[in-house]
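Read the structure below first, then the notes.
Every chain is numbered from 1 and lettered A, B, ... according to where its sequence line falls, protein lines coming before strand lines. No hydrogens, no waters, no symmetry mates; every other heavy atom, side chains included, goes into these values.
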Amino acid sequence: MLQLQLPDGSIREVAPGTRGRDVAEAIGKRLAQAAIAVTADGAVLDLDRPLPTDKPTLAFRVLTEKDAEALDVLRHSCAHVMARAVVRLFPGTQLAFGPATATGFYYDIDSPTPLREEDFPKIEAEMKKIVEKAEPFERFERSVPEGRALCADMAQAYKVEHIDDELHKFGGLSFYRQGEFVDLCRGPHLPHAGRVGAFKLLSIAGAYWKNDSSRKQLQRLYATAFFSQKDLDAYLALVEEAKKRDHRALGKQLKLFTISPLVGSGLILWMPKGALVRGILESFIKDELVKRGYQPVYTPHIGRLELYRTSGHFPYYRDAQFPPMYSRPAAGALDLCQYRLALGEVDEKKEQAVLDYMKQAHFLPPAYVDAPTQAAKLEAVHQYAVALMKVLQVDLPDYHKATDAAGRSDALLKWLMDQEGFLLKPMNCPHHIHIYKAEPRSYRDLPVRLAEFGTVYRYEQTGELNGMTRVRGFTQDDAHLFVTPEQVEHEMIANMELVLFVLKSLGLNDYRVRVSLRDPASDKYVGDPKNWDIAEATLKKLVQDAGMNYTLEPGEAAFYGPKIDFVVRDCIGREWQLGTVQLDYNLPERFQLEYVGADNKTHRPVMIHRAPFGSMERFMGILIEHFAGAFPLWLAPEQARVLPISEKFTDYGREIEAKLRSAGFRVEGDWRPEKIGAKIRGAQLDKVPYMLVVGEKEATAGTVAVRDRVDGDIGSLTVDELINRLTQEVNDRTIRQVATATADIGDAGAKFAG
RNA sequence: GCUGCUGUAGCUCAGCGGUAGAGCGCUUCCUUGGUAAGGAAGAGGUCAUGGGUUCAAUCCCCAUCAGCAGCUCCA
């Protein structure tokens, strides 16, 4: 017998082979009718699937529409319904993956006739027919060879490939049949399609097969489903609400920032109001840094190429940087040849990256694109380099002596190192390193903490650019700490505390902590693995000791070291890295940093990179959404607006404005010949924290009628009382209003694949 | 970068193979009012840019630029 422990704690004994549905029926008829699926020890199972017997006791629960897991089941089943409709309407469609997501589901498909959004009504109509027929989802199992043959019979090439790549490792395969539609799938599913209450197709986009950009791009059909139309409508309304908070829309409306194609995409122009907020944030953090023993420095926006060759940034992120600036034109062209030759034999993906880069730089050697092999490509580059050198009268005997790509690359690089070349700085660390190096350092000087609002430039792919959150020029509230190995832990903790202090000060309490580690399978990381081990162990210990909720994420580390990242979501559910603290044993090595220890010998310091805001641009973008544009008083670009009842009180209003301004507040007045209602509406829409209504009564009494953005009319105050109130609120950095409802449009992970 | 969609007044958007419309905003005038929209008049557009098709293109086709959604990437 099998023992089931029900949620109320009671135990129910059932025979082996009993299905979830049987138990639900035994408990009650209405429960059986409402049942969607069951859970056995947390695993969700179909109603008609026999309960597992490998353990004598199971925690058992019947899932109904009220349970969150049931919604995932519904959505996954709806994905099958959608796929079935698409296959009916577009014969020959190949199916890939179709999982439920945090807010809906998608199905990746490859159709001979690509789908378009105009097809949505047709697909939805077909889905409706399927739902109305309420056919059951029937599970059946096959051995791997049988299942593979079945998929091949159905001409589902992606399913076959997936079986060959992954699923063959498991003993058998499961399928679900619904009418004429059969799909390789792990399940679980609804008892029948009639349980799908409401659904809507949302969008269509490209997605690479198995998320690999070197593989074929499929069409991903996004949709969502709920048990009721009411829930669907509520979700869609929530999404609409959230979109109104989008920093790109609010930034425009509230005149915080703008982007001009003529200045360049991904380059933020901070308008006066946005600049004001940024300035306040900068002073806020600067004051905090000085208290914590930081030394502010300034460094230029560009640096010698050699600097970034040494740091590793230039070669490593070559195609994600603005092209280098050489004073001799020959150098620029030969630099590209060198880049190509240095890579030598490369994989398909890197090859594509090189091609793209050369295209972008308007440099494609003749015969390069058509060259059939790697060797032929290299030869084309070589011939081009020879021709260039001849025309530009560059004489490199070493180059001509070299017999292979590596030798030629070395010869070119040697020459290029002597050329004057600059790079827009992609990172601030090399500059700060040279401030460290500018004087001999003793262990007594350490930690040296150099801080700067440093603007860096990175050539992000066009498809990545996004408002203020992903840009090509941004300012980090950057600092580099040079510490002894013994100081690492203490300084790391201090910096995590600083990040937390910043987030807390702004009421950003909804973040997650990511410990970004290296991917053991990748070769992109530099430095001694031993140092990596030390660094990673240190970070793990820190977050553990701090009792933080964190996730370990291999593959997320910087190429020079692991990091602790603070990740927040925007209003439409996308995640962005804000604050970051990074531990680095590598750059000190590369730049030969030293200090003299108590033993009078030289030692190598350790570097900590950290930016509590991340970048001013991204932080501002997130902050706009966090407050829905309604900044707390200490940050509000316009803190109060004087609203005269009529033009007769303009003079009195001007007086109030002047008094508040001289008390240090950012105040404007609405002097238009409008009625008070219209002026209030304007101020509310501009999200001004305080509206100061002045008319006959106030002018006579020497007061102002204060209207609060949140609470409305709060009665009359004298100017002194008002100043006291505002001063208090600014000093406390009071946060009175935060936008809470985030529409989880983002994909927080697939629930049921297949 | 890839796939798809989009680009019309300062903003949000309608529109059509026969050289342009609304609402808001702006300017001026009237109104001088008490806590989310008073009234009237007016200004404002090379319909993203460059080619092509056509008697004729804002509309159809191509390219470029820019934006949006997603994928990939992110020091």
Side-chain angles (χ1 to χ4, degrees), chain A residues 106 108 114-118 202-222 243 246 248-249 252-253 255 259-262 264-266 308 311-314 316-317 319-321 349 352-353 355-357 359-360 425-430 456 458-467 470 476 524 526 556-561 563 572 574 576-577 580 582 584 587 609 611 643-650 672-685 691-698 705-709 712-715 745-747:
Chain A
Y106 63 79
D108 287 347
L115 271 61
R116 323 178 102 245
E117 289 202 12
E118 292 106 89
L202 298 173
S203 65
I204 195 163
Y208 298 105
W209 167 231
K210 299 207 166 181
N211 284 344
D212 181 345
S213 61
S214 67
R215 298 194 202 226
K216 185 166 183 190
Q217 195 164 52
L218 312 173
Q219 286 191 297
R220 178 168 294 179
L221 232 57
Y222 280 94
K243 278 187 186 159
D246 192 314
R248 293 166 296 189
K252 198 178 265 181
Q253 253 172 56
K255 298 189 187 355
I259 299 169
S260 158
L262 280 169
S265 40
Y308 303 103
S311 72
H313 291 106
F314 180 59
Y316 191 86
Y317 287 105
D319 46 4
Q321 280 163 154
K349 200 174 162 186
Q352 192 56 47
L355 207 62
D356 292 345
Y357 181 72
K359 209 192 289 175
Q360 172 200 317
K425 72 175 169 186
M427 289 277 279
N428 297 306
C429 22
V456 298
R458 300 174 185 177
Y459 195 83
E460 302 286 1
Q461 303 186 104
T462 49
E464 305 309 333
L465 299 175
N466 184 287
R470 195 76 187 268
Q476 297 174 311
K524 75 170 200 176
V526 298
E556 293 293 318
F559 73 93
Y560 51 75
K563 51 191 184 136
I572 52 175
R574 290 185 285 207
W576 301 99
Q577 175 192 313
T580 180
Q582 312 178 355
D584 177 9
L587 289 182
H609 310 234
L643 310 177
I645 292 288
S646 81
E647 282 170 302
K648 282 191 275 185
F649 308 105
T650 299
R672 295 176 305 163
E674 275 294 349
K675 300 217 287 195
I676 193 66
K679 292 182 186 177
I680 286 171
R681 180 166 190 273
Q684 288 281 163
L685 291 176
M691 285 150 272
L692 311 175
V693 177
V694 292
E696 182 76 54
K697 280 182 281 180
E698 290 73 23
V706 182
R707 183 186 163 96
D708 181 289
R709 178 179 60 197
D713 190 353
I714 55 173
I745 300 176
D747 177 12

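Of the possible polar contacts, none joining the A/Gln476 side chain to the A/Ala611 backbone as a donor-acceptor pair under 3.5 Å is found.
The aromatic rings of A/Tyr560 and A/His313 sit perpendicular, their planes meeting at an angle over 60°, well past the 30° parallel limit.
Distances were taken from every side-chain heavy atom of A/His313 (C-beta onward) to each of B/G34, B/A75, B/U31; the shortest belongs to B/A75. Ranking B/G33, B/A69, B/G70 by closeness to the A/Ile645 side chain, first place goes to B/G33. With B/G33, B/C68, B/A75 as the candidates, the nucleotide lying closest to the side chain of A/Lys563 is B/A75.
OP1 or OP2 of B/G33 has at least one side-chain nitrogen or oxygen of A/Lys648 nearer than 4.0 Å. Between B/U72 and A/Arg215, no contact under 4.0 Å exists linking OP1 or OP2 to a side-chain N or O.
The gap from the P atom of B/U28 to that of B/A43 amounts to 15 Å, rounded to the nearest Å.
Rounded to an integer number of Å, the gap from A/Leu465 CG to B/A66 P is 9 Å.
When heavy atoms are screened at a 4.0 angstrom cut-off, A/Pro114 is found touching no nucleic acid atom at all.
Under 4.0 Å is where a charged nitrogen must lie from a carboxylate oxygen, and between A/Asp212 and A/Lys210 no such pair does.
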Dot-bracket summary - RNA chain B, pairs being Watson-Crick or G-U whose distances fall under 3.5 Å, with | when paired to another strand: (((((((..((((....[..)))).(((((.......))))).....(((((..]....))))))))))))....

Steps toward salt bridge (Lys or Arg N to Asp or Glu O under 4.0 Å) verdict (A/Glu118, A/Arg116): CA-CA 5 Å; A/Glu118 292 106 89; A/Arg116 323 178 102 245; 2.9 Å; yes

